[in-house]
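In this chain, numbering begins with 1 at the start of the sequence shown. Every value quoted in this text rests on a predicted model; they were computed, and no experiment measured them.
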Amino acid sequence: PEPALHCRDAAIDDRAFAALDAVLPDGFAICALLHDAEGRPHDYRFLRVSSAFAALTGLRDAAGRTAREVSPVLPAAWLEAFARAGDGRE
């Protein structure tokens with residue numbers, strides 16, 4: 001089973017998300033970094049995606065799915081960059 005998600009930053013209410021979506025023209029997503037049993041990041045889950053996200057990325061129905069589910073050939077460099085940012089190292 002996948003580890004439980006514990007991500008304070010992922011908590012955003014519907015009104016706040018809708019307000020951001022209305023004013024930001026760029027696509028954006030709120031994601032949770034997923035770690036393996038040794039604590040190493042191995043994937044991330046799209047928790048919420050903006051209305052422009054699918055149009056800009058081509059990823060349909062990404063919310064609730066992992067990056068590897070929507071893009072099985074996820075470049076390792078992307079995961080490493082997201083991991084550094086998600087873990088507060090960048």
J.: Determine yes or no for a side-chain-to-main-chain donor-acceptor pair under 3.5 angstrom, with Asp21 supplying the side chain and Ser51 the backbone.
T.: yes

J.: Rounded to the nearest 0.5 Å, what's the gap from CZ on Phe53 to CZ on Arg60? Could you check?
T.: 11.0 Å

J.: What class does the angle between the rings of Phe17 and Phe28 fall in, given that below 30° is parallel, 30 to 60° is tilted and above 60° is perpendicular?
T.: tilted

J.: How far apart are the C-alpha atoms of Leu79 and Arg68, what are their side-chain angles, what is the distance that settles it, and do they pass the side chain to side chain contact (heavy atoms under 4.5 Å, CB included) test?
T.: CA-CA 10 Å; Leu79 180 57; Arg68 293 191 190 281; 3.2 Å; yes

J.: Please find the pair of heavy atoms, one from Ala52 and one from Pro25, that lie closest to each other, and give the distance.
T.: CB-O, 3.8 Å

J.: So which atom in Phe46 and which in Ala62 form the shortest heavy-atom distance, rounded to 0.1 Å?
T.: CB-O, 3.4 Å

J.: Between Ala32 and Leu47, which heavy-atom pair has the shortest distance, and what is it?
T.: CB-CD1, 3.9 Å

J.: Does Ser71 have any side-chain hydrogen bond (donor to acceptor under 3.5 Å, both in side chains) partners at least two apart in sequence or in another chain, and if so, which?
T.: none

J.: Please report the interatomic distance CZ(Phe82) to CZ(Arg84), rounded to the nearest 0.5 Å.
T.: 10.5 Å

J.: Could you state the interatomic distance from NE2 (His42) to CG (Leu33), rounded to the nearest 0.5 Å?
T.: 8.5 Å

J.: Is there a path of hydrophobic side-chain contacts, each under 4.5 Å between heavy atoms of I/L/V/M/F/W/Y residues, joining Leu56 to Val49?
T.: no

J.: Of all the heavy-atom pairs spanning Gly27 and Ser50, show the shortest one and how long it is.
T.: CA-OG, 3.3 Å

J.: Looking only at heavy atoms, what is the nearest atom pair of Glu69 and Thr66, with distance?
T.: OE1-N, 2.7 Å

J.: Are Asp14 and Arg48 ion-paired here, with the side-chain N under 4.0 Å from a carboxylate O?
T.: yes

